Amino acid sequence: LMVQQVLTNASRVGARAAVTLNATQQDVIDVVESYTSNVSVSGAQVTVSPDPAAAESGDQVTVTVTVPFNNVSWLQSPWYLGGASLTGSSIMRKEGFE
């Protein structure tokens, strides 16, 4: 549950970065990776859609952060979780005046 909350918070931080003026996809990835590494969650994959640099004012930008369960578990993954991932996602509207 703690890792799930970290992923949700990381996606929110990434979405906030994505909707600012002049944001790039790499800016979002850097912010999310910094957030997750500061709380010792490694191997997170970040998806940003659409690219913040191409989004127009008012467009919804979605940031999704996913990490394989095996990367964050202290125990060996049970067979029924084989290949499972934890995911957090946030959506915000792009800032600006157009």
Side-chain angles (χ1 to χ4, degrees):
L1 289 175
M2 178 207 66
V3 173
Q4 183 63 56
Q5 186 63 43
V6 165
L7 296 178
T8 300
N9 288 342
S11 71
R12 187 179 309 118
V13 168
R16 183 66 197 116
V19 299
T20 59
L21 297 175
N22 302 318
T24 66
Q25 194 162 10
Q26 191 60 51
D27 293 339
V28 177
I29 292 169
D30 291 345
V31 166
V32 171
E33 287 179 349
S34 175
Y35 186 93
T36 57
S37 69
N38 284 338
V39 293
S40 299
V41 173
S42 62
Q45 297 295 316
V46 183
T47 305
V48 185
S49 179
D51 184 341
E56 295 182 13
S57 177
D59 288 351
Q60 290 185 339
V61 179
T62 303
V63 176
T64 303
V65 183
T66 304
V67 67
F69 180 81
N70 289 337
N71 285 20
V72 293
S73 176
W74 293 332
L75 305 172
Q76 185 176 8
S77 179
W79 62 269
Y80 57 86
L81 285 178
S85 294
L86 301 173
T87 301
S89 188
S90 296
I91 301 170
M92 293 187 185
R93 291 196 182 273
K94 183 76 174 179
E95 296 177 347
F97 301 98
E98 294 184 287

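Not measured: the values here are computed from a predicted model.
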Backbone N or O of Thr64 within a donor-acceptor pair of the Ser89 side chain at under 3.5 Å? no

Answer whether the closest heavy-atom distance between the side chains of Thr66 and Thr47 falls below 4.5 Å. no

Return the minimal non-hydrogen interatomic distance between Val31 and Ala17, and the atom names on each side. CG2-CB, 4.1 Å

Side chains of Tyr35 and Val6: does their closest heavy-atom pair fall under 4.5 Å? yes

If I compare all heavy atoms of Ala18 with all of Pro52, which pair ends up nearest, and what's the gap? O-CB, 3.4 Å

Ignoring hydrogens and angles, tell me if any N or O in the side chain of Lys94 forms a donor-acceptor pair with the backbone of Thr20 under 3.5 Å. yes

Can you see which heavy atom on Gly43 is nearest to which on Pro68, and at what distance? O-CD, 3.9 Å

To the nearest 0.5 Å, how far apart are OG1 in Thr24 and CD1 in Ile29? 8.5 Å

What one should report as the nearest heavy-atom pair of Leu21 and Glu95 is CD2-O, 3.6 Å

Looking only at atom types and distance, does a side-chain atom of Gln4 sit under 3.5 Å from a main-chain N or O of Thr87, one as donor and one as acceptor? yes

Heavy-atom pair of closest approach, residues Thr36 and Ala10: CG2-CB, 3.8 Å

Identify the two heavy atoms, one from Leu7 and one from Leu86, that lie closest to each other, and give their separation to 0.1 Å. CD1-O, 3.4 Å

Using a cut-off of 6.0 Å, state whether more than 12 heavy atoms not belonging to Asn38 lie near its atom CG. yes

Hey, what do you get for CD (Gln45) to CD (Glu33), rounding to the nearest 0.5 Å? 8.5 Å

One should read off an interatomic distance between Gln60 CD and Ser90 OG, to the nearest 0.5 angstrom, of 12.0 Å

Any chance you could measure Met92, atom CE, to Arg16, atom CZ, to the nearest 0.5 Å? 6.5 Å

